[in-house]
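This one's a predicted model, so the numbers in the text were calculated from it and none came from an experiment. Quick note: numbers below take in every heavy atom, side chains included, and nothing from hydrogens, waters or symmetry partners. Residue numbers start from 1 in every chain, and the chains themselves are labelled A, B, ... in the order their sequence lines are given, proteins ahead of strands.
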Number of protein chains: 2
Amino acid sequence: MAEKTLKERIIDTALRLFEQYGYHGVTVDRIVTESNASKGGFYHNFKSKDELLYHIHDVFITYVLNKAQDAYKNYHTPTERLCAIIQSFVKVFHLYKPHITVFYQESTYLKPEYSQKINEKRDEFKQVIFQVIREGIIAGEFRPELSVEITGMSIIGMVNWTYKWYKPDGPMTIEQIAAHFIDFILHSILTEEAKQKAENSLFFLETQTNVI
Amino acid sequence: MAEKTLKERIIDTALRLFEQYGYHGVTVDRIVTESNASKGGFYHNFKSKDELLYHIHDVFITYVLNKAQDAYKNYHTPTERLCAIIQSFVKVFHLYKPHITVFYQESTYLKPEYSQKINEKRDEFKQVIFQVIREGIIAGEFRPELSVEITGMSIIGMVNWTYKWYKPDGPMTIEQIAAHFIDFILHSILTEEAKQKAENSLFFLETQTNVI
DNA sequence: ATGTTAAGACCGACTAGTTGGTTTGTTTTA
DNA sequence: TAAAACAAACCAACTAGTCGGTCTTAACAT
């Protein structure tokens, strides 16, 4: 049961190599060699090198989207929802760093058929965040003068960029980083009124690290 | 004088193609064809395809670094300096969008000799931002509980991500986007005291669009 | 139990096409 | 006229993908 299938070995190896050298910096031959597989084994499991790239993209975006949707369902005010989404989003970087690196570096090279599927899920994810911000403004928790799109993209950008500098064994835990982001974002978007309330109720950020 | 040199034509064409198809999605032959040049002309101007990639990287990072250093010199309080740096940084996206896209998508593929040079300037740029934040905290303008590094990377990430969604002919001007970012960031990092002061003095953000 | 057969998993030498870079020759400029 | 700038045919290396074949497993008949 500890035995990994050939397919899993190939994916793990490919992730490691793609993260370091980029999709085009790694040949199928090298993936095959380093995963103790063979050309035949590779093409038995994947239609093409492109399909492997797609698979990596899909695993990641599917996971993130599900987490965001779960967070939306499990909480019931915009502020809590936003915090939960960000927290789960940031935490993904711990488990899926190679996936994410590949996702943001190599998506240019997805074949149209594949990139369309990926983009649909990616847009869905964006919409969840936009929706929460929109609802937060309507509910009076978030500042009304905010632009939903730019605010959303600011948050997404801030968090996504983490993949460029986060080191899993660095000085800060992923939870600490998430807490910083949330602090940063809440200071920006909450109304003065909501900030007062939040000071009393958002202690859950400190204690509840397992949001999902 | 309106005549472009062959070298310029090659760079322009390469930028356009790299932005759309990625470095590995574009062959030297295609660059040569679409810029009305020839293989000979290309290799007369560039040692290799890699050197062209390096050149594109260098033009961008050098420009951004200079702008940041200018902004630092021309202003004298941390808050003003930070605003000026962000404003000039964001504006770069208007002129240099293809450079930036290439910069962040393809830097993996720079040969070690080249990537070292680029990284030096990139680090220098980061240090300017970190320095301003550090000084802002010491001066009492920025909240003392902020982590310099995470705050810095949050800002850099938020701004950099713009290259993924900014459309030069979209509904928002680059100045509006810059103003949003500055608003977002100042709300996060200023102390309550500094916010009071800022409300009176930071009107310069609205009027003074040519910071540099 | 034992032999038979079928199917899926896997192997690795080979190929056809592509691509960065070179070489050789020509034009333009100073 | 010499040197710089450019053109075009050419080449060597590399790489994604193929294809005939082997090994393992399991169902099934005897």
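- At the heavy-atom level, B:Val26 lies under 4.0 Å from the strands shown only through sugar-phosphate atoms.
- For the OP1/OP2 pair of C:dC10 and a distance below 4.0 Å, the side-chain nitrogens and oxygens of A:Asn45 include at least one atom meeting the criterion.
- Note: A:His24 and B:His24 have parallel aromatic rings, judged against thresholds of 30 and 60 degrees for the angle between ring planes.
- In summary, the side chains of A:Tyr72 and A:Glu135 do present a donor paired with an acceptor at a separation below 3.5 Å, with no hydrogens or angles considered.
- Computed from coordinates, the B:Asp29 CG to D:dC10 C1' distance equals 12 Å when rounded to whole Å.
- The distance between atom CZ of B:Arg30 and atom P of C:dT19, rounded to the nearest whole Å, is 11 Å.
- Checked against C:dG21, D:dA8, C:dC11, the side chain of B:Ser48 finds its nearest nucleotide in C:dG21.
- Regarding contacts with the backbone of D:dC6, every side-chain N or O of B:His44 stays at 4.0 angstrom or more from both OP1 and OP2.
- Within the 4.0 angstrom heavy-atom criterion, base atoms lie near A:Lys39.
- When the nearest nucleotides of DNA chain D are assigned to B:Arg9 and A:Phe42 by heavy-atom distance, the more 5′-ward of the two goes with B:Arg9.
- Atom pair B:Tyr43:OH and C:dG21:P shows a separation of 4 Å (rounding to whole Å applied).
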Practice task
Dump the intermediate steps for salt bridge (Lys or Arg N to Asp or Glu O under 4.0 Å) on A:Glu34 and A:Arg30, then the final yes or no.
Solution key: CA-CA 6 Å; A:Glu34 297 204 16; A:Arg30 184 163 181 195; 2.9 Å; yes
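- Residues B:Asp58 and B:Lys117 form no side-chain contact, since every pair of their non-hydrogen atoms from C-beta on lies 4.5 Å or further apart.
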